[in-house]
S.K.: 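Mind looking over this structure? Questions follow.
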Amino acid sequence: MTVGLVTLWVALSPSLLPRAWWMTAVNVGVSIAYGYVVGSLLGHFVSWLARRTDLRVEVNARSDWGLRTAWLAILVIVSGIVWIRSLHQQEQISLVVGVNRGGAFNQFIGVLAGVALLWLLVLMGRGLRRLWRHVKRLVEPVLPAPLEGLVATVILLVVLLFVSETVVYQRALNWALGNATQLSQTSPEGRTAPPEPQRSGSPASYETWESLGREGQMFVSDGPRASDIEAVTGESAMEPIRVYAGKAEHDVVEDAARAAAAELVRAGGLDRSIVNVSTTTGTGFVQEWSVQALEFLTGGDVATVSMQYSYFPSGLAYISDRDTPPRAGRALFEAVEAEIQALPEAQRPRLFASGESLGSFGGQGAFENAQDMLSRVDGAMWTGTPRFTPLWSSLTESRREGSPEIAPVIDNGRHIRFATRPLELTEDLYGAPFVNWEEPRIVYGQHASDPVVWWSWDLLWQEPDWLREQVGRDVSPDLSWERWVTFWQIASDMPLSVDVAPGHGHEYTDEMVPLWAGVLGMDPVADYSEIIAAIDALVLER
């Protein structure tokens, strides 16, 4: 009981973002279950040790009652202090990231639901233990005593894995795929096929409006036109080019990549100064703030090309197939790169790459390493990059000594700069200036409070540098690492990580303008309020 209660206290400690009730429930349930298992093992060990050493401790009834009462009082008092402190910490995090998730009542419901989850897990564990004992009895007549338990364990694990894979996992995956496919085939409300030949789905396009899928239709129908850009900049603008290939007509990623590249050529994208290869998230979503920022900053002299490679949301895409995103990112980039390389050198547009979240993971899959990326792009923008991205990991590990993991310094900022906010494109996290920023310029935008960036499997057993360093401006100073518990806390932060104010969590919006300005060689700390307001209006309009 005591160990389980201690893990409850830890579960109520702060994570990166304020919690909804169900987030508290998950943290509480799995954390107390962990404490329950540890406490049970410890209790069995102590009992075994006492039997082996013939240790006996005798306490009279009155002293026993007094000790138990005092211990219970201590636990109650500490629990009250932890509860009040937890509410204060959640309130502070809410103020920082600009979202309120229900206060004390919300947390109370979460704790109750977490206790219910605990008992469900305990019942499942006891059921498995009974099943193990039954299997053990079945193999006893044919096996020597030392092997009975081991063989019973192996049989039970094989059966559980088979049932989990063929019955639970595959059926759940098929159900999710059916729903995701159906959603992708549903046209978004208020969007129609664009009339401009510079966009896929138009009468001039090789790709029909229906083939683009829901996310592709939103991408080609949304965004500024030349007149919108002119109204903000006061200068003549070009019609931004947006081309896309959907999964419905191109189920093989290499076919989709070739189709997207063909659309780019058809729409006149190779005649623009910049071609932006944007890798999507799982559903085919293209980050609108990123694309629009580049379109406004270039006066529309840009062509953005993208494609859909999955129907699943990013979380399911990651679980079910981690190979396809980088494969798609590589296929699309190479298809576009080939078209550009076929042009005379003097006529080639600048080639940029971009992506957010799973799109960043997939987009970076086009490159073997940092040097390969620098040799093949004229600029890149990666935001909210998941920690499991190989290129991100290798760069972060090679950072300058003394620079923090949330904003690593690479080669003194000569080409690649990490930033938790636009100011960090001009100086590091501690205010020290970088060397001259040479082309190509690569930006990694990542918030210290973004759980998508910082979640990883090794949180289960080791403390990462970003937690040890505690330098994030929008992260609670009370956040600390605890084995097992922190893993679940950060994991439960992810689903609602976009439901926060811009500049926090996984919400990359306003800052995309100055970040892209930095990639383009413009001043990232200049006033871009008019462009930001214009993009905000266009996004809200939809």
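These figures come from a predicted structure and were not determined experimentally.
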S.K.: Could you tell me whether E530 atom CD has more than 12 heavy atoms of other residues or ligands within 6.0 Å of it?
M.R.: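 No, the 6.0 Å shell around CD holds no more than 12 heavy atoms from other groups.
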S.K.: Compute the centroid of each ring, for F487 and then for W461, and state whether the two points are separated by less than 6.0 Å.
M.R.: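 Not under 6.0 Å, so no.
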S.K.: Any chance you could lay out the salt bridge (Lys or Arg N to Asp or Glu O under 4.0 Å) test for E288 and R242, step after step, and finish with the verdict?
M.R.: CA-CA 11 Å; E288 192 65 25; R242 293 189 174 200; 2.7 Å; yes
S.K.: For residues D228 and G223, report the shortest heavy-atom separation together with the two atoms involved.
M.R.: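 Minimum heavy-atom contact is OD2-O, 4.5 Å.
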S.K.: In plain terms, say whether R441 and D378 are close enough for a salt bridge, that is, a side-chain N and a carboxylate O under 4.0 Å apart.
M.R.: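 The answer is no: the pair does not qualify as a salt bridge.
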S.K.: Is any side-chain heavy atom of L520 closer than 4.5 Å to one of F352?
M.R.: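 In contact.
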S.K.: Apply side-chain contact (heavy atoms from CB on, under 4.5 Å) to L538 and F296, showing your working.
M.R.: CA-CA 12 Å; L538 287 169; F296 272 98; 4.1 Å; yes
S.K.: Under the rule for side chain to side chain donor-acceptor pair (under 3.5 Å), what residues qualify as partners of T486, not counting sequence neighbours?
M.R.: none
S.K.: Please report the C-alpha distance between T420 and E424 in whole Å, then the side-chain angles of each, then the deciding distance to 0.1 Å, and finally whether the side-chain hydrogen bond (donor to acceptor under 3.5 Å, both in side chains) criterion is met.
M.R.: CA-CA 7 Å; T420 66; E424 289 161 24; 2.8 Å; yes
S.K.: With a cut-off of 3.5 Å and sequence neighbours excluded, list every side-chain donor-acceptor pair involving residues 270-278.
M.R.:
residue	atom	partner	partner atom	Å
R272	NH1	E239	O	2.7
R272	NH1	G300	O	2.9
R272	NH2	E239	O	2.9
S273	OG	D301	OD2	2.4
N276	OD1	S354	OG	2.9

S.K.: Ignoring hydrogens, what is the shortest heavy-atom contact between I490 and W454? Give both atom names and the distance.
M.R.: CG2-C, 4.4 Å
S.K.: Quick one: does P408's side chain get under 4.5 Å of L395's, heavy atoms only?
M.R.: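 Result no, sub-4.5 Å side-chain heavy-atom pair not found.
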S.K.: Does atom CH2 (W488) have a neighbourhood of more than 12 heavy atoms from anything else shown, all under 6.0 Å?
M.R.: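 Not more than 12 within 6.0 Å, no.
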S.K.: Fit a plane to each ring of Y244 and F219, take the angle between them on a 0 to 90° scale, and name the class: parallel (under 30°), tilted (30 to 60°) or perpendicular (over 60°).
M.R.: tilted
S.K.: Assess the side chains of S200 and E263: does a donor N or O sit below 3.5 Å from an acceptor N or O?
M.R.: yes
S.K.: For E339, which residues count as a salt bridge (Lys or Arg N to Asp or Glu O under 4.0 Å) partner, sequence neighbours excluded?
M.R.: none
S.K.: Does a side chain donor of either Y528 or D510 reach within less than 3.5 Å of an acceptor in the other side chain?
M.R.: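 No, no side-chain donor-acceptor pair sits under 3.5 Å.
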S.K.: Partners of S86 by side chain to side chain donor-acceptor pair (under 3.5 Å), sequence neighbours excluded?
M.R.: none
S.K.: Please give me the minimum heavy-atom distance between P18 and V97, naming the atom from each residue.
M.R.: CD-CG2, 3.5 Å
S.K.: Would you check if L423 and E427 make a side-chain contact, meaning some heavy-atom pair closer than 4.5 Å?
M.R.: yes
S.K.: Has R348 got more than 12 heavy atoms of other residues, nucleotides or ligands less than 6.0 Å from its CZ?
M.R.: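 Enclosed: over 12 neighbouring heavy atoms sit under 6.0 Å from CZ of R348.
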S.K.: Given R483 and E463, is the salt bridge (Lys or Arg N to Asp or Glu O under 4.0 Å) satisfied, shown in steps?
M.R.: CA-CA 8 Å; R483 193 181 307 275; E463 182 179 15; over 6 Å; no
S.K.: Could you walk me through whether D499 and R101 pass side-chain contact (heavy atoms from CB on, under 4.5 Å), step by step?
M.R.: CA-CA 10 Å; D499 186 24; R101 298 219 165 109; 3.7 Å; yes
S.K.: We want to know whether Q308 and H250 form a side-chain donor-acceptor pair, criterion being a heavy-atom distance below 3.5 angstrom.
M.R.: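 There is no such pair between these side chains.
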S.K.: Report the C-alpha distance between I532 and W289 in whole Å, list the side-chain angles of each, state the deciding distance to 0.1 Å, and finish with yes or no for side-chain contact (heavy atoms from CB on, under 4.5 Å).
M.R.: CA-CA 9 Å; I532 291 171; W289 272 89; 4.1 Å; yes
S.K.: Answer yes if the side chains of Q364 and T389 hold a donor-acceptor pair under 3.5 Å, and no otherwise.
M.R.: no
S.K.: Report yes or no: does S13 contribute a side-chain atom to a donor-acceptor pair with the main-chain N or O of V10 at less than 3.5 Å?
M.R.: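 Yes; at least one donor-acceptor contact below 3.5 Å.
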S.K.: Give, for atom CG of D493 and atom CG of L17, the distance between the pair rounded to the nearest 0.5 Å.
M.R.: 4.5 Å
S.K.: Test side-chain contact (heavy atoms from CB on, under 4.5 Å) on F333 and V305; report intermediate values, then the result.
M.R.: CA-CA 9 Å; F333 187 86; V305 53; over 6 Å; no
S.K.: Locate the shortest heavy-atom distance separating L16 from W466; write the atom from each residue and the value.
M.R.: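 Scanning both residues completely, I find the closest heavy atoms to be CD2-CZ3, 3.9 Å.
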S.K.: Is it true that E439 and R350 make a salt bridge, defined as a side-chain N closer than 4.0 Å to a carboxylate O?
M.R.: yes
S.K.: State, without any angle test, whether E511 and H447 hold a side-chain donor-acceptor pair at a distance under 3.5 Å.
M.R.: yes
S.K.: Under 4.5 Å between any side-chain heavy atoms of D478 and R85, yes or no?
M.R.: yes
S.K.: Can you tell me if S290 and W516 form a side-chain donor-acceptor pair at under 3.5 Å?
M.R.: yes
S.K.: Test of understanding: with side chain to side chain donor-acceptor pair (under 3.5 Å), list the residues that count as partners of D465, not counting sequence neighbours.
M.R.: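 Residues passing side chain to side chain donor-acceptor pair (under 3.5 Å) with D465: R399, R468.
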S.K.: For F361 versus P390, what's the shortest heavy-atom pair and its separation?
M.R.: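 Looking at all heavy atoms of both residues, the shortest contact is CE1-CD, 4.1 Å.
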S.K.: Flag yes if more than 12 heavy atoms outside Q341 fall under 6.0 Å of its CD atom; otherwise flag no.
M.R.: yes
S.K.: We want to know whether E356 and W382 form a side-chain donor-acceptor pair, criterion being a heavy-atom distance below 3.5 angstrom.
M.R.: no
S.K.: Yes or no on salt bridge (Lys or Arg N to Asp or Glu O under 4.0 Å) for R376 and E337, after CA distance, side-chain angles and deciding distance?
M.R.: CA-CA 8 Å; R376 296 169 64 192; E337 184 182 41; 2.9 Å; yes
S.K.: I'd like to know if R387 pairs up with E405 as an ion pair, taking the criterion as any Lys NZ or Arg NE/NH1/NH2 lying under 4.0 Å from an Asp or Glu carboxylate oxygen.
M.R.: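 Yes, charged N to carboxylate O under 4.0 Å.
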S.K.: Is the closest side-chain heavy-atom distance between R421 and R473 below 4.5 Å?
M.R.: yes
S.K.: Using distance alone, with no hydrogens and no angle criterion, decide if N27 and Q489 have a side-chain donor and acceptor under 3.5 Å apart.
M.R.: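 There is no such pair (donor and acceptor under 3.5 Å, judged by atom type) between the side chains of N27 and Q489.
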S.K.: Is D428 salt-bridged to R417, cutoff N-O under 4.0 Å?
M.R.: no
S.K.: When you measure from the centre of the six-membered ring of Y309, is the NZ or CZ of K247 closer than 6.0 Å and no more than 45° off the axis?
M.R.: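 Geometry flag: not set, cation outside 6.0 Å or 45°.
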S.K.: By side-chain contact (heavy atoms from CB on, under 4.5 Å), which residues pair with V96, not counting sequence neighbours?
M.R.: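 For V96 the side-chain contact (heavy atoms from CB on, under 4.5 Å) partners, ignoring immediate neighbours, are D474, H504.
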